[in-house]
Each structure stands twice: as C-alpha cells, then as structure tokens.
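First comes the structure, then the notes that go with it.
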Protein chains: 2
Amino acid sequence: MCVLVPFAADDPKTRLDGALGPTERAEFARAMLRDVCETVAATGREPIVLSTAPLEVSFPVVVDDRPLTAAVNARLEPPTAVVMADLALATPAAVERLFTPDADVVLAPGLGGGTNAAVIRHDCFTFDYHGVSIRDHRHRAREVGADLATVDSFRLAVDVDEPRDFVELLLHGDGRAHEWLREAGFEAAATDGRVDVRRDD
Amino acid sequence: MCVLVPFAADDPKTRLDGALGPTERAEFARAMLRDVCETVAATGREPIVLSTAPLEVSFPVVVDDRPLTAAVNARLEPPTAVVMADLALATPAAVERLFTPDADVVLAPGLGGGTNAAVIRHDCFTFDYHGVSIRDHRHRAREVGADLATVDSFRLAVDVDEPRDFVELLLHGDGRAHEWLREAGFEAAATDGRVDVRRDD
C-alpha cells in the first residue's frame with residue numbers, strides 16, 4: 001500500500017517560530033520527516049514523500065505545491081495511507097496499528113482536532129484538512145457509507161507543531177528528531193502543572 | 001484487581017480556573033470522576049475512589065487527605081491499578097488495554113510527562129507523582145528489576161487539566177463530562193493552528 005507522507009518544504013513548522021530559528025526549523029522538520037519515513041519503511045511499506053518543493057531525501061519524492069488537501073486528494077487511489085511528517089513519536093508498532101483494522105476508513109486523531117494518519121480503502125472518500133478535520137473526516141466517512149475505525153494511539157496523536165510538544169518528544173522519542181532537539185539544548189523541566197521544556201543558553 | 005481512582009475533592013481542577021468558576025469546576029470534576037468509575041466498572045473491575053475528603057458517589061470511597069503520592073503508596077498492594085479521575089476520554093476498551101500486558105509494571109503516559117494510569121504487580125515499586133513522573137516511574141521500574149510495559153493510548157494520555165484539553169473532550173468524548181461541557185456552552189472552534197474551544201456568552 002502506498003503511504004503518502006506530506007511535507008511542507010518551504011518555511012516548515014512556522015508555529016515553532018518562537019522556539020527555533022528558520023534554519024533550525026528546516027533542520028528539525030527534515031529530521032522528523034526522515035524519522036517518519038524510516039518508521040513507515042520498518043513496517044515493510046514504502047513511504048512516498050509528497051513535498052511542496054524538491055527535496056533531497058533517501059525516499060521517493062513527488063512534488064506538488066498545492067495546499068495539503070488538494071495535493072493529497074490528487075493522489076488518493078485506494079488503498080492509500082497518509083501519515084503526517086511530524087509524527088516524531090511514531091514507532092513501527094504504532095504505525096502497524098493503522099493497518100490492523102479491516103475498515104474502509106481508518107483514522108488516527110491528532111491533538112487539537114487534527115487527522116494525523118489515515119488509511120483509505122473506499123473510492124468515494126476524500127480529505128479536507130482544513131478546520132476540525134477529524135470531525136469532518138468522520139462525517140465524510142459516514143456520508144459515503146464507509147465503515148470507520150479509529151486508532152487510539154498517543155504516539156500517532158502527538159504531532160510536533162508547537163514548542164509545548166517538544167516535551168513529548170524529549171520524554172518518549174528516540175529517533176533523529178529527538179536527538180536533534182537534545183543536541184539543540186532542550187530538556188524536559190518540571191513545573192507546577194505539566195512538564196515544560198527549557199533550553200540551555 | 002483493585003482499581004484506585006484518586007480524587008482531589010477540595011478545590012478540584014485549579015488549572016481550569018480561568019475557564020470555569022469554583023462551583024463549575026467541582027461539578028465538572030465530579031462528572032469526570034463518575035465517567036471514569038463507570039468506565040472501570042464496565043471492564044468488570046471495581047473502582048475505589050481515593051478521595052481527599054468525604055464524597056457522595058455510587059462507588060466505594062476511601063478518604064485520605066495526604067498528597068497524592070503518599071495516599072496512593074499507602075494502598076499499593078500488588079496487584080493494584082491506579083487510574084486518574086480526569087481521564088474523561090477513557091473507554092472500556094482503552095482501560096482494558098492497561099490490563100492486557102502481563103508485565104510487573106504497566107504505565108500509560110499522560111500529556112506533559114504525567115502518569116495517567118498504571119498497573120502494578122511488583123512488590124517493590126512505589127509511585128512518585130511529583131515532577132516528570134512518567135520518566136521517574138520508568139526509572140523506578142528498572143531500579144527494582146520490574147519488567148515494564150507501556151500502553152500507547154490517546155484516550156488514556158489526555159487528562160482534562162487545562163482549558164485546551166476541552167477540545168479533546170468535545171471532539172472525542174461521550175460521557176457525563178462531555179455532556180456537562182456542551183451544556184455549559186463550550187464548543188470546538190477552528191483556528192489557524194489546532195482547534196480551540198469557545199464558550200457561548
């Protein structure tokens with residue numbers, strides 16, 4: 001099964017702007033992309049990077065500079081899987097769970113209403129990543145009469161989008177992106193509430 | 001197996017202070033507690049509420065006004081499970097996954113370094129909920145020679161501690177706490193980044 005890994009190659013990870021400089025964001029985003037591709041490959045499937053611009057990476061790359069939804073839907077020939085490039089906590093076991101349910105549509109929700117990974121085996125389903133996508137995708141699956149399964153995974157739910165997500169990667173990751181973040185001086189620090197991150201000066 | 005559900009009965013959920021008034025926080029916290037106890041009961045196990053003060057609830061209650069760590073450790077006779085009272089997204093299937101691994105220590109990480117649920121089958125393991133508890137608990141398991149399993153669950157990872165967690169409950173919940181939140185006027189609202197919540201005036 002084709003596993004699309006969409007990647008915003010130009011100015012990636014803008015919501016990390018306060019924590020990382022532009023070059024750092026690009027490096028970190030590429031480290032996560034490589035982690036995700038290697039994790040998918042470790043399950044015996046071939047990732048295809050769907051990038052907004054040409055990219056040097058040791059996996060096949062297809063370039064499409066349209067917004068995410070259009071670019072993914074243009075390549076949605078069931079069965080197809082889509083796994084976001086910032087799932088830096090994903091493990092082969094977590095990715096394998098996506099392929100376990102024998103359902104027309106399998107969704108892995110992300111924190112904050114996103115759809116972090118999906119397997120589509122139904123001809124009439126299309127994505128809409130805008131807005132509250134997990135809710136919209138559930139509706140769409142019902143609309144087209146597709147049976148739906150949801151994967152309950154912390155590792156697939158955490159996409160590293162905002163500085164507060166660093167703590168999850170620091171505590172639970174073990175790939176290139178985790179290593180990059182540690183080498184950049186970030187570490188988990190206890191607070192009164194949830195654990196936060198701090199960076200060495 | 002005994003399933004402890006620790007509950008802070010006095011001034012609960014202080015980190016929801018900006019979003020809910022004191023009476024609302026108490027109501028909402030009790031709705032979550034009932035959801036969690038009913039979910040545990042639905043798996044065929046008996047929840048025991050470990051409360052900081054006497055409480056009216058249709059499950060057994062043990063009162064201990066000490067801090068969380070001391071109160072839990074005082075009742076830690078293996079095998080014992082501990083499930084936090086604010087896991088409002090927990091389902092019977094998610095809770096059942098806690099009991100599936102045949103390991104001495106089973107941990108379900110929470111967002112931000114917490115330990116949201118655990119099963120302890122080893123005599124020498126004790127909890128320390130202070131600080132980065134998931135990291136500390138992994139270390140403690142290794143120190144005492146306990147084999148460790150981790151449950152990869154989004155539903156067990158989300159504890160409803162802060163207003164931003166409301167969006168998860170609104171999108172993925174279906175119990176009393178979810179209903180309470182909807183009736184209080186909260187709804188998920190799309191933003192540029194992750195989905196946020198807003199409240200009716």
Side-chain angles (χ1 to χ4, degrees), chain A residues 13-17 89-97 107-117 128-138 149-159 161-172 187-197, chain B residues 13-17 89-97 107-117 128-138 149-159 161-172 187-197:
Chain A
K13 295 282 131 200
T14 50
R15 281 150 67 200
L16 295 177
D17 200 15
L89 269 67
T91 55
V95 169
E96 195 61 55
R97 287 179 57 205
L107 301 175
L111 286 173
T115 305
N116 282 359
D128 178 2
Y129 284 104
H130 199 74
V132 188
S133 76
I134 191 72
R135 188 169 61 189
D136 296 342
H137 290 151
R138 291 190 300 226
T150 303
V151 178
D152 174 28
S153 167
F154 168 64
R155 291 188 173 277
L156 299 181
V158 175
D159 43 342
D161 263 342
E162 305 179 0
R164 73 179 189 222
D165 304 321
F166 286 171
V167 66
E168 311 304 342
L169 183 54
L170 288 166
L171 291 175
H172 304 289
E187 61 181 358
T191 68
D192 285 346
R194 284 179 183 160
V195 174
D196 209 345
V197 288
Chain B
K13 295 283 129 199
T14 49
R15 280 151 66 200
L16 294 177
D17 201 12
L89 269 67
T91 56
V95 169
E96 195 62 54
R97 287 179 56 204
L107 301 175
L111 286 173
T115 305
N116 282 0
D128 179 1
Y129 283 104
H130 199 74
V132 188
S133 77
I134 191 72
R135 188 168 61 189
D136 295 342
H137 290 151
R138 290 190 300 225
T150 302
V151 178
D152 174 28
S153 168
F154 168 65
R155 292 189 172 277
L156 300 180
V158 175
D159 44 342
D161 263 342
E162 305 179 358
R164 71 180 189 218
D165 304 321
F166 286 172
V167 66
E168 311 305 339
L169 184 53
L170 288 166
L171 292 175
H172 303 289
E187 60 181 359
T191 68
D192 284 345
R194 285 179 182 159
V195 174
D196 209 345
V197 288

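Sequence lines set the chain letters: A, B, ... in the order given, protein chains first and strands last, and positions in each chain run from 1.
- For B:Asp159, the side chain to side chain donor-acceptor pair (under 3.5 Å) partners at least two apart in sequence or on another chain are A:Arg194.
- Contacts with chain B were tallied for A:Arg164, A:Glu162, A:Arg138; A:Arg164 has the most, counting heavy-atom pairs under 4.5 Å.
- Taking non-hydrogen atoms and a 4.5 Å limit, the residue list of residues 90-97 of chain A in contact with chain B, ordered by number, reads A:Ala94, A:Arg97.
- A pairwise comparison of heavy atoms in B:Ala190 and A:Gly131 identifies CB-CA, 3.7 Å as the closest pair.
- Scored by the side chain to side chain contact (heavy atoms under 4.5 Å, CB included) test, B:Val167 finds B:Leu171, B:Ala188, B:Val195, B:Val197 as partners (sequence neighbours excluded).
- Residue A:Arg135 touches chain B through its side chain alone, counting heavy-atom pairs closer than 4.5 Å.
- Counting heavy-atom pairs closer than 4.5 Å to chain A, the top-ranked of the candidates B:Asp165, B:Thr14, B:Leu89, B:Thr150 is B:Asp165.
- Scanning for ring-ring contact (aromatic ring centres under 6.0 Å, His included) contacts around A:Phe154 gives A:His172, with sequence neighbours left out.
- Both the backbone and the side chain of A:Leu111 come within contact range of chain B, judged by heavy atoms closer than 4.5 Å.
- A:Asp152 places none of its side-chain heavy atoms less than 4.5 Å from the side chain of B:Leu156.
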